[in-house]
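Okay, so here's the structure we're looking at.
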Amino acid sequence: MISFESDYTTGAHPQILKRLTESNTEALSGYGNDPYCSSAREKIKAACNCPQAEIYFLTGGTQTNAVVIAAMLRGYEGVVAAKTGHINLHEAGAIEYTGHKTLVLPHHNGKIDPEELDWYLKSFYEDSNHGHMAFPGMAYLSHPTEYGTLYAKKELERIAAICRAYQIPLYLDGARLGYGLASRETDVTLEDVARLCDVFCIGGTKVGALCGEAVVFTKKNAPPHFMTTVKQHGALLAKGRLLGVQFDALFTDGLYMEISRHAIEMAERLKEILQGKGYPFYLDSPTNQQFVILENDRMERLKKEVAFSFWEKYDDSHTVVRFATGWSTTKEELCQLERIL
């Protein structure tokens with residue numbers, strides 16, 4: 001059995017494990033007050049060219065989204081997201097559980113259209129009954145999206161301008177950010193993300209770490225006592241060093257981007273194999289997630305030898321499935337997949 005099920009089905013990159021082992025017996029302060037967390041913060045600030053950034057480390061993506069959104073919204077506000085956005089579909093109502101509504105816009109291959117966002121916000125305030133409604137208090141994007149697609153710099157700039165006009169923060173969920181930055185089809189850099197967003201996260205879990213997400217507030221705009229809010233949500237890791245060591249390793253000597261580029265190279269080869277075997281693609285993804293349409297009978301047979309993810313029903317006899325690459329994907333695995341297909 002070979003696995004292309006996701007980009008976090010294996011453990012951690014060997015360099016991260018090495019650093020965890022080397023630091024294992026050091027006695028360090030908890031809750032992120034250790035030299036590795038401090039070092040990782042400085043390295044992330046430098047990589048973002050954002051010296052004023054305020055950075056916090058949390059363990060998981062859903063946890064990060066719920067804590068950040070709840071901390072930044074007032075009680076009567078909701079968060080605007082694409083219908084396919086992770087917070088709307090695949091986080092078990094975590095946002096609503098905090099008392100905030102997800103305000104849904106149509107998606108276009110996973111993305112929000114800037115002009116539809118502008119129309120939504122304009123229409124909200126033109127509605128004389130808006131005092132009885134959940135106020136749009138934040139815009140949420142994922143980059144890459146749940147379909148592996150990417151925002152162009154012009155799209156991000158337009159969305160950021162709309163958010164500024166309506167005085168709401170722009171939050172970018174970067175659970176797979178490295179794969180977006182490493183794509184050959186992007187014109188967005190990490191500096192662009194830091195410049196345009198009010199807050200974003202850099203995913204470690206899906207990009208080579210055992211676990212961990214770095215939350216980056218870019219404009220000295222972290223909510224007051226954010227760490228206390230993190231703890232109230234049960235999200236403050238006592239052994240914060242575990243996250244600091246990993247992010248310090250990821251942002252040393254370009255490891256984060258090295259991992260990301262490797263996954264993209266493997267995904268490009270994966271795409272060639274799938275195309276060569278005549279599998280139809282659901283959409284064109286320039287990142288590490290590839291979506292194909294399988295006949296249901298063929299899908300069931302393939303499951304016996306290859307792990308992949310169900311994505312959505314296509315029709316009564318076909319299903320959209322996802323193949324994903326990651327830090328540990330090898331050329332040998334791709335060759336094996338090609339033989340199986």
* Do S285 and L283 come close enough that some side-chain heavy atom pair is under 4.5 Å? -> yes
* Scan side-chain atoms only and decide if H130 and D127 contain a donor-acceptor pair under the 3.5 Å cut-off. => no
* Regarding E116 and H108, is there a side-chain donor-to-acceptor distance under 3.5 Å anywhere? -> yes
* **Shared hydrophobic cluster for L121 and L196 (ILVMFWY, side-chain gaps under 4.5 Å)** => yes
* Step by step, work out the side chain to side chain contact (heavy atoms under 4.5 Å, CB included) result for S183 and L150. => CA-CA 9 Å; S183 172; L150 298 171; 3.7 Å; yes
* Asked: Between the side chains of S38 and E42, does any donor sit under 3.5 Å from an acceptor?
  -> no
* Dump the intermediate steps for ring-ring contact (aromatic ring centres under 6.0 Å, His included) on Y56 and F226, then the final yes or no. => CA-CA 9 Å; Y56 298 84; F226 182 69; 4.8 Å; yes
* Asked: Do the side-chain N and O atoms of D34 and S29 include a donor-acceptor pair separated by under 3.5 angstrom?
  -> no
* Structure fact -> Nearest heavy-atom approach of L250 to V207 is CD2-O, 3.7 Å
* Side-chain heavy-atom pair Y314, V321 within 4.5 angstrom cut-off -> no
* Structure fact -> Rounding to 0.5 Å, atoms CZ (R176) and CD (E146) come to a distance of 8.0 Å
* Determine which pairs satisfy salt bridge (Lys or Arg N to Asp or Glu O under 4.0 Å) with at least one residue from residues 319-341, sequence neighbours left out, and list them in order. => R269-E338
* Sequence neighbours left out, what passes salt bridge (Lys or Arg N to Asp or Glu O under 4.0 Å) with E5? Give chain and number order. => none
* Heavy-atom side-chain contact between Y140 and H86 under 4.5 Å -> yes
* Nearest 0.5 Å please: distance from the CD1 atom of I259 over to the NE2 atom of H13. => 4.5 Å
* Could you verify whether a donor N or O on one side chain and an acceptor N or O on the other, from Y171 and N65, lie under 3.5 Å apart? => yes
* **Ring-face cation of K111 near Y151 (centre distance under 6.0 Å, axis angle within 45°)** => yes
* Would you name the heavy atoms of R241 and T25 that are closest together and state the gap between them? => NH2-N, 4.5 Å
* Any residue meeting side-chain hydrogen bond (donor to acceptor under 3.5 Å, both in side chains) with Y147, in chain and number order, not counting sequence neighbours -> E312
* Check C50 against A194 and note the closest heavy-atom contact, atom names and distance. => CB-CB, 4.2 Å
* Asked: So V215 and I202, side chain to side chain contact (heavy atoms under 4.5 Å, CB included) or not? Walk me through it.
  -> CA-CA 7 Å; V215 178; I202 301 172; over 6 Å; no
* Centroid-centroid under 6.0 Å between F4 and F308 rings -> no
* When the aromatic ring centroids of F135 and F124 are compared, is their separation below 6.0 Å? -> yes
* Heavy-atom closest contact (P14 atom, W327 atom, distance) -> CD-CZ3, 3.6 Å
* **Carboxylate-amine/guanidinium proximity below 4.0 Å for E54 and K220** => no
* Asked: Can you tell me if Y36 and E26 form a side-chain donor-acceptor pair at under 3.5 Å?
  -> yes
* Asked: Which pairs count as side-chain hydrogen bond (donor to acceptor under 3.5 Å, both in side chains) when at least one residue sits in residues 201-217, sequence neighbours excluded?
  -> T205-E213
* **Set of side-chain hydrogen bond (donor to acceptor under 3.5 Å, both in side chains) partners for K271, sequence neighbours left out** => D284
* Asked: Do L141 and D173 have side-chain heavy atoms sitting under 4.5 Å apart?
  -> no
* Output yes when E22 and K18 qualify as a salt bridge under the 4.0 Å nitrogen-oxygen rule, no when they do not. => yes
* Structure fact -> Residues A94 and T62: closest non-hydrogen pair is CB-CG2, 3.7 Å
Could you list the donor-acceptor pairs under 3.5 angstrom formed by side chains in residues 156-166, with sequence neighbours left out?
residue, atom, partner, partner atom, Å
R158, NE, E115, OE2, 2.9
R158, NH2, E115, OE1, 3.1
Y166, OH, K122, N, 3.4

* Using a 4.5 Å cut-off on heavy atoms from C-beta on, say whether the side chain of L274 contacts that of L341. => yes
* Structure fact -> Nearest heavy-atom approach of T287 to G180 is CG2-CA, 4.2 Å
* Asked: Does a donor on one side chain sit under 3.5 Å from an acceptor on the other, for T102 and N88?
  -> no
